[in-house]
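Only one structure is covered here, and it is reproduced in the block below.
Along the sequence shown, residues are numbered consecutively beginning with 1.
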Amino acid sequence: SDDQLAAWEAFVFAHATAISRVERHMFEAGTISLTWYDVLVALSNAPDQRLRMGELADSLVLSRSGLTRLIDRIERAGLVQRELSPSDKRGAVAVLTTAGEIAVEGAWPHYAASIAQYFAHNLSTAEMRVLTSALSKVRDLRLEHD
């Protein structure tokens with residue numbers, strides 16, 4: 001329907017615009033990229049600041065191969081390290097390093113400011129609640145199929 005298409009297009013273009021602006025803000029601030037930030041925050045919030053690579057990919061909505069290449073770059077920067085999984089020696093675990101913790105702490109004020117500027121300041125509290133409710137329903141579909 002026209003309403004469905006209009007809602008979809010509004011979501012897609014709003015997402016692309018917000019992400020682009022947040023990424024630019026973080027780049028201009030000289031912090032880690034938004035993608036790196038997302039990886040490091042996922043690890044920061046994980047038990048013992050470590051996740052199996054598959055769990056990390058799922059939490060970030062990345063392909064396993066895409067995450068492997070991304071972790072390679074982040075590891076070369078010293079922000080994460082890979083270890084063998086203690087439960088099965090074939091799997092790899094990504095572990096946040098001290099430098100990774102520092103990078104997250106340094107990027108946070110810029111990330112928060114860009115969310116406020118390019119997202120939250122454009123919506124009323126009521127609009128944010130409606131948006132949260134509506135998009136949570138769509139996000140929850142992912143959980144039903146995993």
Side-chain angles (χ1 to χ4, degrees), residues 1-83 85 91-146:
S1 73
D2 289 344
D3 288 340
Q4 290 172 336
L5 184 58
W8 173 252
E9 288 177 349
F11 163 72
V12 169
F13 285 101
H15 177 266
T17 300
I19 294 297
S20 174
R21 298 230 173 142
V22 170
E23 286 174 340
R24 186 173 347 122
H25 182 103
M26 293 180 77
F27 175 79
E28 290 171 355
T31 68
I32 56 177
S33 72
L34 178 58
T35 306
W36 284 31
Y37 181 81
D38 287 344
V39 169
L40 298 179
V41 166
L43 290 171
S44 179
N45 292 329
D48 298 323
Q49 297 183 320
R50 62 184 63 232
L51 283 172
R52 291 181 59 87
M53 294 294 284
E55 294 170 325
L56 184 55
D58 290 344
S59 72
L60 299 169
V61 193
L62 290 173
S63 69
R64 304 262 193 290
S65 62
L67 177 65
T68 298
R69 290 189 301 274
L70 180 59
I71 290 293
D72 287 344
R73 293 190 302 275
I74 300 172
E75 187 174 32
R76 281 193 297 272
L79 305 181
V80 300
Q81 64 185 37
R82 273 184 258 211
E83 298 176 355
S85 172
V93 176
V95 182
L96 187 67
T97 65
T98 301
E101 289 180 62
I102 292 167
V104 168
E105 290 169 6
W108 166 247
H110 305 287
Y111 182 62
S114 61
I115 290 170
Q117 182 176 354
Y118 303 118
F119 183 74
H121 288 168
N122 297 294
L123 301 168
S124 69
T125 300
E127 289 170 326
M128 282 188 266
R129 288 184 182 138
V130 168
L131 188 59
T132 299
S133 175
L135 294 177
S136 293
K137 292 175 187 178
V138 176
R139 181 194 61 210
D140 291 345
L141 292 174
R142 179 174 180 261
L143 300 176
E144 290 175 14
H145 296 290
D146 287 349

Inset, instruction - Compare all side-chain heavy atoms of T31 with those of Y111 and state whether any distance is below 4.5 angstrom. - result: no

Inset, instruction - Please examine the side chains of E28 and H110, heavy atoms only from C-beta on, and report whether any two atoms are closer than 4.5 Å. - result: no

Inset, instruction - Specify the closest pair of heavy atoms between R82 and A92, including all atoms of both residues, with the distance to one decimal. - result: CD-CB, 4.5 Å

Legend entry - Pairwise distance CG(L40) to CD1(I102) - rounded to 0.5 angstrom: 12.0 Å

Inset, instruction - Drop me the distance from T68's OG1 to R73's CZ, to the nearest 0.5 angstrom. - result: 11.0 Å

Legend entry - Side chain proximity check, L70 to W36, heavy atoms < 4.5 angstrom: yes

Legend entry - G78 versus T97, closest heavy-atom pair with distance: O-OG1, 2.7 Å

Legend entry - Approximate separation, where rounding is to 0.5 Å, of E23 CD and S114 OG: 10.0 Å

Legend entry - Side chain proximity check, V104 to L43, heavy atoms < 4.5 angstrom: no

Legend entry - Side-chain heavy-atom pair Y37, V22 within 4.5 angstrom cut-off: no

Inset, instruction - Determine the minimum heavy-atom distance between T132 and S136, stating which atoms define it. - result: O-OG, 2.6 Å

Inset, instruction - Compare all side-chain heavy atoms of L56 with those of I71 and state whether any distance is below 4.5 angstrom. - result: yes

Legend entry - Over all atoms of both residues, closest heavy-atom pair of E127 and S124: OE1-N, 2.7 Å

Legend entry - E9, CD: over 12 other non-hydrogen atoms inside 6.0 angstrom: yes

Inset, instruction - Kindly give the heavy-atom pair with the smallest separation between A94 and M53, and that separation in Å. - result: CB-SD, 3.9 Å

Inset, instruction - For the residue pair H15 and I19, establish whether any side-chain heavy-atom pair is separated by less than 4.5 Å. - result: yes

Legend entry - OG-CG distance between S20 and L34, expressed to the nearest 0.5 angstrom: 10.5 Å

Legend entry - Over all atoms of both residues, closest heavy-atom pair of R52 and G91: NH2-CA, 4.0 Å

